[in-house]
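Before any comments, here is the structure.
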Amino acid sequence: MSREYKVGVLGASGAVGREVLNCLEDRVFPFSEVRALASERSAGSKLEFNGGEITVQKVGPDSFKDLDLAIFSAGASVSREYGPIAAKSGCPVIDNSSCWRQDERVPLVVPEVNSRVLAQHRGIIANPNCSTIQMLVALKPIYDAVGIKRIVVSTYQAVSGTGQKAIEELADQTRQIFNCQDVTRKVYPHRIAFNCLPHIDSFTDNGYTKEEMKMVNETKKIFGDENIKVSATCVRVPVFYGHSEAIWIETARHIEVGAARELMTRAPGILVVDNPEANQYPMAVDAAGRDEVFVGRIRADISCDNGLTMWVVADNLRKGAATNAVEIAELLIRDPELLKTSWEW
Ligand SMILES: NC(=O)c1ccc[n+]([C@@H]2O[C@H](COP(=O)([O-])OP(=O)(O)OC[C@H]3O[C@@H](n4cnc5c(N)ncnc54)[C@H](OP(=O)(O)O)[C@@H]3O)[C@@H](O)[C@H]2O)c1
């Protein structure tokens, strides 16, 4: 009989955590136990899972001792506290927060792009930012074929990227507006319903936001390319699920549009939807609930030699978080050496 694994999901009651549970189920991950962990706020509550329910437990230092691996999505401070505890107790952690992404001792992994760095892990593996994941899955085949010197990207990010409370805020504000009531705000600094906010995470000294700088720095780390230039503008839009991105790239060597489209069509994790004459292009409503990265509107950039531009859409909770994490878990269980930890600091 093939082995089954005990899996912890920290942040199970949140937007990403619930999707991790769905992914484990959908992808038929071989688990003997799934332990749903969160704070005392949701301890005792029930979550639908695998045709039944599981009860959320309050996380504590002993939560990981008998687990084979854990997927974290409870925010950076929780990851900072519990990541080393889990890793030291022999439970490798796949972390969705930004806490460890730039730590040089922690691999930052998108399976379609750089799964080889998984072998370097000592107990914590970082999942990149949702916007970075879908951009790099789309660009990887072009990067490999002709090199990419520069990326300019504008994102249109769904409220689920902020978490469960933001999903409720968009729903509440929409209802309030239709009922001619005053709009209440708790999550965003401005109304998000019927609005766009060019502001995701806090602003940094260079005028970019942290979310935008994540796309810059994570791209360099994942491609292992300090010279690649990236400029991002990240925008929150009143969409529930699915991030969209307009991407312009300057390649190192020329590539014809048809060849680029062909490469992306054959690449793992990408679904090319690019038939504008029939009004077919990627859209958030079609990507929601799906694991693929959808690419369309692929065309030559008329403003730049060796330039290409495209429209890339993915479900931020699936490929942008849960699916990517579960795919990493699938790689870990394929090689018993990868389930070992050697966390020392
Ligand atoms: N949403 C996305 O698209 C996305 C994509 C990539 C990465 N991420 C990252 O994933 C993480 C979670 O995001 P989310 O969107 O799922 O947020 P969320 O919906 O707000 O969920 C947060 C989860 O963390 C738990 N939590 C909070 N504080 C805790 C504590 N002190 N101890 C234990 N558990 C605690 C919450 O449990 P309670 O129910 O008990 O409060 C809840 O389960 C964040 O770091 C985020 O940056 C999110």
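Excluded from the calculations below are hydrogen atoms, water molecules and symmetry mates; all remaining heavy atoms, backbone and side chain alike, are included. First listed ligand is number 1; within each ligand, the first listed atom is number 1.
Taking the side chain as every heavy atom from C-beta outward, R191 and L197 never approach each other to under 4.5 Å. A heavy-atom distance below 4.5 Å is found between the side chains of L47 and L21. Within the 4.5 Å cutoff, no side-chain heavy atoms of Q57 are placed close to those of S63.
Between R290 and D286, no side-chain nitrogen of the basic residue sits less than 4.0 Å from a carboxylate oxygen of the acidic one, so the salt-bridge criterion is not met. Contact check on E218 versus K221 returns no salt bridge, with no Lys/Arg side-chain nitrogen under 4.0 Å from an Asp/Glu carboxylate oxygen.
Taking every heavy atom of S39 and a limit of under 4.0 angstrom, the matching atoms of ligand 1 come to 29 (C), 30 (C), 32 (N), 33 (C), 34 (N), 35 (C), 37 (O), 38 (P), 40 (O), 41 (O). Which parts of ligand 1 touch A321 is read off a 4.0 Å heavy-atom cut-off, strictly below it: atoms 5 (C), 6 (C). Every atom of ligand 1 with a heavy atom of V78 under 4.0 Å away is listed here by number and element: 29 (C), 30 (C), 31 (N), 32 (N). In the vicinity of S42, heavy-atom distances shorter than 4.0 Å reach the ligand 1 atoms 38 (P), 39 (O), 40 (O). Taking a cut-off of under 4.0 Å to the non-hydrogen atoms of L317, the atoms of ligand 1 that pass are 1 (N), 2 (C), 3 (O). Those atoms of ligand 1 with a heavy atom of S97 less than 4.0 angstrom away are 45 (O). Heavy-atom proximity to Q164, at under 4.0 Å, picks out these atoms of ligand 1: 18 (P), 19 (O). For ligand 1 and G320, the ligand atoms under 4.0 Å from any heavy atom of the residue are 5 (C), 6 (C).
For the atom pair D201 CG and K210 NZ, the distance stands at 5.5 Å (nearest 0.5 Å).
Among all protein heavy atoms, the one lying closest to atom 3 (O) of ligand 1 is N316 ND2, 3.0 Å. Of the protein's non-hydrogen atoms, R41 NH2, 3.4 Å is the one closest to atom 27 (C) of ligand 1. If you check which protein heavy atom lies closest to atom 22 (C) of ligand 1, you get S73 O, 4.0 Å. Regarding atom 21 (O) of ligand 1, its nearest protein heavy-atom neighbour is G14 CA, 3.2 Å.
In this structure, atom 46 (C) of ligand 1 has no protein heavy-atom contact shorter than 4.0 Å.
Each of Q134, E292, E327 was compared with K319 under the side-chain contact (heavy atoms from CB on, under 4.5 Å) criterion, and only E327 meets it.
The option with the heavy atom closest to atom 1 (N) of ligand 1, from among G163, G75, S160, is S160. Nearest residue to atom 36 (C) of ligand 1 from S13, A74, A12, C130 is S13 (criterion: closest heavy atom). For atom 10 (O) of ligand 1, the choice among L37, D201, I133, N96 with the nearest heavy atom turns out to be N96.
Between F72 and Y82, the gap from one ring centroid to the other reaches at least 6.0 Å.
For D103 (side chain) and R105 (main-chain N/O), a donor-acceptor pair under 3.5 Å exists by modelled atom type.
When non-hydrogen atoms are compared, ligand 1 lies under 4.0 Å from the backbone of V16 as well as from its side chain.
The aromatic rings of F49 and F31 sit tilted relative to each other, their planes meeting at an angle between 30° and 60°.
Defined by atom type and a distance below 3.5 Å, a donor-acceptor pair is present between the side-chain atoms of T184 and Q176.
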